[in-house]
Amino acid sequence: MPGSFAAAGRRAELVAWYRGHGRDLPWRRRTDAYAVLVSEFMCQQTTVAAVIPYFERWMAAFPTVRALAEADEESVLGLWQGLGYYSRARNLHRAARAVVERHGGEVPDDWDALRALPGVGEYTAGAVVAFAFDRPAPVVDANVARVLARWMDLREPVDSTAGRVALREAARALQPEGAGAREINSAVMELGALVCKPRAPLCLACPVRGGCRATEPELLPVKRPRAAVTEVTERRAFVVDTAGLHLLRSTGRWRGMWILPETAAGGEIAHVERYPITRYRVRMEVVRQSPAEWSGLRAFGWDEVPSIPIPSPHRRAIEALVAKGRAVHREGHDEV
DNA sequence: AACACGGGGTC
DNA sequence: GACCCAGTGTT
């Protein structure tokens with residue numbers, strides 16, 4: 001059949017390459033399903049290099065499903081602080097509790113049962129089946145999508161319905177009959193990370209270049225056009241007294257984390273922090289206010305601030321304002 | 001099908 | 001600056 005995907009015939013070369021060149025990542029040293037689940041949650045939309053230190057700290061703090069299930073949300077968010085996409089932390093926490101309640105504390109080996117856990121989508125369910133239990137499952141992350149799109153010369157956007165279907169079927173065709181899913185799926189991912197890179201793919205070093213149909217691999221994968229960036233401005237209060245820094249427990253975007261409260265007050269802008277968030281570009285203007293103008297805030301001593309969960313842009317603004325405060329103090333004129 | 005959701009790295 | 005990343009949930 002013209003256009004059929006013949007990657008299955010290249011499994012041996014791919015796995016041989018992986019055995020020689022695959023990286024020694026912390027979660028590849030273990031196959032217990034809980035460790036796989038944690039690493040997969042952390043790796044969602046996040047680079048491997050950023051995840052490694054978080055993974056090590058997490059596994060030390062919460063070594064088992066039960067340990068995580070019994071933890072409180074504050075410490076869970078604290079360990080996740082700085083990784084972004086905090087709903088992953090809340091979902092992983094809920095997933096651990098669901099595993100205890102529904103499955104007696106054992107992470108299930110069944111795709112549908114996995115998929116039913118909070119925060120577990122098609123990708124993560126497949127990853128746990130393959131990496132923890134070494135059973136066949138399509139595992140399509142951004143690396144695999146890029147490798148397969150080039151391999152098949154797929155011109156359909158990989159984030160369209162048609163593109164996703166094509167990729168899932170190709171990934172399915174790549175699976176071995178019995179054992180070996182762990183290695184083959186790891187190998188395709190690793191090929192994407194090390195050789196079949198987003199820009200400037202190293203085709204001369206590719207173990208499957210003989211089977212690749214891409215004529216212009218650097219132009220693949222095709223993606224749907226992205227939404228335009230919108231500028232937004234918000235104003236927040238920096239509230240400090242002798243008790244320390246007064247923060248608000250967020251109920252919105254950064255639910256459960258501690259943030260600078262939004263304010264309508266005018267006055268001098270003490271600091272401007274700019275940060276991107278998905279399709280927005282936020283200009284955060286910070287003004288100094290006194291606790292008398294607020295209720296519902298909680299004061300933290302300055303020694304506590306480093307260890308509580310605060311989203312990165314807010315933490316950066318706080319650090320900048322503290323530095324400015326110190327500078328004023330040094331100059332000796334505290335007419336702030 | 002489109003959008004919200006973070007933060008850090010790369011070129 | 002633009003683009004990318006071991007995606008998922010909601011609308």
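Each chain gets a letter, A, B and so on, in the order the sequences are listed, and its residues count up from 1. Only heavy atoms go into these numbers, but all of them, side chains included; no hydrogens, no water, no symmetry mates. The structure presented is a predicted model; accordingly, all values stated were derived computationally and were not measured.
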Problem set entry | Qualifying residues under salt bridge (Lys or Arg N to Asp or Glu O under 4.0 Å), relative to A/R102, sequence neighbours excluded | none
Exercise. Can you pull the contact range of chain A along DNA chain C, 5' to 3', using atoms under 4.0 angstrom from its heavy atoms?
Worked result: C/dC3 to C/dG9
Problem set entry | Separation between the C1' atoms of C/dC5 and B/dC5, rounded to whole Å | 14 Å
Exercise. Salt bridge check: are A/D24 and A/R29 linked by an N-O gap of less than 4.0 Å?
Worked result: yes
Seminar exercise, completed: The complete set of side-chain hydrogen bond (donor to acceptor under 3.5 Å, both in side chains) pairs with one or both residues in residues 117-128 of chain A, sequence neighbours excluded, reads A/E40-A/Y123, A/Q44-A/T124, A/E122-A/R168
Exercise. Going by heavy atoms closer than 4.0 Å, what residues in residues 37-67 of chain A are next to DNA chain B?
Worked result: A/Q45, A/T46
For this session: Indicate whether OP1 or OP2 belonging to B/dA2 is found under 4.0 Å from a side-chain N or O atom of A/R224.
Result: yes
Exercise. So what does A/K197 touch, heavy atoms closer than 4.0 Å: a base, only the sugar-phosphate, or nothing?
Worked result: nothing
Seminar exercise, completed: Taken in chain and number order and not counting sequence neighbours, the residues that satisfy salt bridge (Lys or Arg N to Asp or Glu O under 4.0 Å) with A/E285 are A/R235, A/R283
Exercise. Contact class for A/P313 vs. all strands (heavy atom < 4.0 Å): base, sugar-phosphate, or nothing?
Worked result: sugar-phosphate
Problem set entry | Any residue of residues 79-100 of chain A with a heavy atom less than 4.0 Å from an atom of DNA chain B | A/G82, A/L83, A/G84, A/Y85, A/Y86
Exercise. When the ring planes of A/W254 and A/H314 are compared, do they come out parallel, tilted or perpendicular, using 30° and 60° as the limits?
Worked result: perpendicular
For this session: Report yes if the distance between the aromatic ring centroids of A/F62 and A/W58 is under 6.0 Å, otherwise no.
Result: yes
Exercise. Starting at the 5' end of DNA chain C, which residue's closest nucleotide do you reach first, A/R23 or A/V120?
Worked result: A/R23
Exercise. Can you name the salt bridge (Lys or Arg N to Asp or Glu O under 4.0 Å) partners of A/D32, sequence neighbours left out?
Worked result: A/R30
For this session: Can you establish whether the number of heavy atoms outside A/E106 located under 6.0 Å from its atom CD is more than 12?
Result: no
Exercise. With nearest nucleotides of DNA chain B determined for A/S312 and A/R164 from heavy-atom distances, which residue corresponds to the more 5′ nucleotide?
Worked result: A/R164
Exercise. Can you list the residues that meet the salt bridge (Lys or Arg N to Asp or Glu O under 4.0 Å) rule with A/R316, with sequence neighbours excluded?
Worked result: A/E273
Side-chain donor-acceptor pairs under 3.5 Å in residues 128-139 of chain A, sequence neighbours left out?
| unit_1 | atom_1 | unit_2 | atom_2 | d |
| --- | --- | --- | --- | --- |
| A/D134 | OD1 | A/G180 | N | 3.3 |
| A/D134 | OD1 | A/A181 | N | 3.1 |
| A/D134 | OD1 | A/R182 | N | 2.7 |
| A/D134 | OD2 | A/G180 | N | 3.2 |
| A/R135 | NH2 | A/D109 | O | 2.9 |

Exercise. How far does the P atom of C/dA6 sit from the matching atom of B/dC11, given to the nearest Å?
Worked result: 14 Å
For this session: May I ask you to say what A/T124 touches in the nucleic acid, namely base, sugar-phosphate or nothing, with a heavy-atom cut-off under 4.0 Å?
Result: sugar-phosphate
Seminar exercise, completed: Here the distance between atom C1' of B/dA4 and atom CZ of A/R226, to the nearest Å, is 14 Å
For this session: Answer yes or no: does a side-chain N or O of A/Y280 lie under 4.0 Å from OP1 or OP2 of B/dA4?
Result: yes
Exercise. Nearest 0.5 Å, what's the OH-CD1 distance between A/Y280 and A/I277?
Worked result: 9.5 Å
Problem set entry | A/I277 CD1 to B/dC3 P, straight-line distance once rounded to whole Å | 16 Å
For this session: Kindly indicate, with the supporting measurements, whether the criterion side chain to side chain contact (heavy atoms under 4.5 Å, CB included) is fulfilled by A/V240 and A/H246.
Result: CA-CA 6 Å; A/V240 171; A/H246 296 244; 5.9 Å; no
Exercise. Which parts of residues 250-259 of chain A get close to DNA chain B, meaning a heavy atom less than 4.0 angstrom away?
Worked result: A/R253, A/W254
Exercise. Of all residues at least two apart in sequence or in a different chain, which pass the side chain to side chain contact (heavy atoms under 4.5 Å, CB included) check with A/P309?
Worked result: A/E74, A/L77, A/M257, A/W258
For this session: List, by chain and then residue number, the residues other than A/V165 in its hydrophobic cluster (Ile/Leu/Val/Met/Phe/Trp/Tyr, side-chain heavy atoms under 4.5 Å); write none if there are no others.
Result: none
Exercise. Expressed in whole Å, how much space separates the P atoms belonging to B/dG6 and C/dT10?
Worked result: 14 Å
For this session: Using a heavy-atom cut-off of under 4.0 Å over every strand shown, decide if A/R146 touches base, sugar-phosphate, or nothing.
Result: sugar-phosphate
